[in-house]
Amino acid sequence: VRKDATALWNKELSKIEITDANTENLKVFYTALYHSFTSPYLFTDVDGRYRGTDNQIHTTDKGHQIYTVFSLWDTYRALHPLLNIIDRHRTNDFLYTFLKQYEQGSMLPVWELSGYETWCMIGYHSVPVIYDAYVKGMHDYDANEMLQAMVHSATLNKLGRPQYAQYGYIPGDMEN
């Protein structure tokens with residue numbers, strides 16, 4: 001098991017190869033790269049089932065996996081653009097997950113955890129993740145449905161959107 005795990009991690013970490021005479025720099029770089037592969041987490045069970053954002057049990061289709069822990073406020077700027085380049089398969093699974101969360105929960109994820117929206121952030125940071133993947137050539141989904149999900153999620157009167165539309169910012173005393 002250890003040998004297999006080492007081989008799998010070496011395969012992942014070899015997606016970017018750097019050289020440096022300073023081994024400390026290599027440790028820092030590859031530790032950071034390792035961390036970039038640790039989240040979001042696989043949420044699909046071995047039989048393809050998962051609990052959706054509607055609290056029902058669903059089964060994946062099209063050979064995709066469902067992921068969880070989309071801390072998008074924290075990851076849309078750097079982690080997802082990186083994964084859109086070096087881990088396109090997982091990115092396609094993330095986009096598939098986003099669409100399933102939209103279909104089952106009526107909106108794209110904001111800060112999803114274990115099939116539930118936590119409502120702990122303002123905005124809708126899945127949109128830049130989707131857009132970045134799209135312009136990098138990832139289209140393994142119905143683009144019209146994805147656009148509909150993006151527009152719908154952008155126009156919900158939640159998470160500071162009414163205040164942002166009115167003021168151009170979100171006053172601290174109007175959204176907690």
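By convention here, the first residue in the shown sequence is residue 1. Computed from a predicted structure; not experimentally measured.
Here the straight-line distance linking atom CE of M146 with atom OH of Y131 works out to 14.5 Å at 0.5 Å rounding. Separation of atoms CG (L99) and CD (E145) is listed at 4.5 Å; rounding is to 0.5 Å. Summarising the geometry, atom CG belonging to D87 is positioned 8.5 Å from atom OG belonging to S36; distances are rounded to the nearest 0.5 Å. Residue H64 holds its NE2 atom at 6.0 Å from CG of D93, rounded to the nearest 0.5 Å. Taking OG from S106 and CD from Q101, the interatomic distance works out to 12.0 Å, rounded to the nearest 0.5 Å. With rounding to the nearest 0.5 Å, the separation of CE in M138 from CG in L95 is 7.0 Å.
For D142, there are no side-chain hydrogen bond (donor to acceptor under 3.5 Å, both in side chains) partners, not counting sequence neighbours. Among residues two or more places apart in sequence or in another chain, the ring-ring contact (aromatic ring centres under 6.0 Å, His included) test is passed with F37 by none. Here H125 pairs with W73, Y76 under the ring-ring contact (aromatic ring centres under 6.0 Å, His included) rule; sequence neighbours left out.
Judged purely by atom type and a 3.5 angstrom limit, T75 has no side-chain atom pairing as donor or acceptor with the backbone of H80. The main-chain N or O of G48 is never found under 3.5 Å from a side-chain atom of T44 such that the two would form a donor-acceptor pair. Looking at R88, its side chain does come within 3.5 Å of a backbone N or O of K136 through a donor-acceptor pair. Proximity of a side-chain donor or acceptor of S153 to a complementary backbone N or O of M107 within less than 3.5 Å is not detected.
Taking each heavy atom of D132 and P81 in turn, the nearest pair found is OD2-CA, 3.3 Å. Shown here for Q163 and P171, the closest heavy-atom pair between the two residues is CB-CD, 3.9 Å. Nearest heavy atoms, Y30 versus E17: OH-CA, 3.3 Å. Between P109 and S126, the shortest heavy-atom distance links the atoms O-OG, 3.3 Å. D20 and L26 get closest at one heavy-atom pair: O-CD1, 3.6 Å. Taking every heavy atom of both residues into account, D47 and T59 meet most closely at O-CG2, 4.4 Å.
Note: the hydrophobic cluster containing V69 does not contain L42 (ILVMFWY, side chain heavy atoms under 4.5 Å, direct or indirect links). Connection of F70 to L156 is not established within any shared hydrophobic cluster, with ILVMFWY side chains joined at heavy-atom distances below 4.5 Å, either directly or through further cluster members. Cluster membership check: V110 does not share its hydrophobic cluster with L72, using side-chain heavy-atom separations under 4.5 Å among Ile, Leu, Val, Met, Phe, Trp and Tyr. Hydrophobic clustering (side-chain heavy atoms under 4.5 Å, transitive across Ile, Leu, Val, Met, Phe, Trp, Tyr) keeps M121 apart from L108.
Side-chain polar atoms of T118 and W111 form no donor-acceptor pair below 3.5 angstrom. With hydrogens and angles left out, the side-chain atoms of Y141 and N92 include no donor and acceptor closer than 3.5 Å.
Through chains of ILVMFWY side-chain contacts below 4.5 Å, V151 is grouped with L147. When hydrophobic side chains of Ile, Leu, Val, Met, Phe, Trp and Tyr are connected at separations under 4.5 Å, F43 ends up clustered with Y50, I66, Y96.
Put simply, the side chain of W9 reaches to within 4.5 Å of the side chain of Y34, judged on heavy atoms. In this structure, Y164 and Y167 have side chains that are not in contact, with every pair of non-hydrogen atoms separated by 4.5 Å or more.
Residue Y116 places its OH atom among more than 12 non-hydrogen atoms of other residues, nucleotides or ligands, all under 6.0 Å distant. Environment of NE2 in H139: crowded, with over 12 heavy atoms of neighbouring residues, nucleotides or ligands closer than 6.0 Å.
The salt bridge (charged side-chain N to carboxylate O under 4.0 Å, His left out) analysis of residues 110-127, with sequence neighbours excluded, yields no pairs.
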Verdict with reasoning, T31 to H35, per side chain to side chain contact (heavy atoms under 4.5 Å, CB included):
CA-CA 6 Å; T31 298; H35 288 144; 3.5 Å; yes
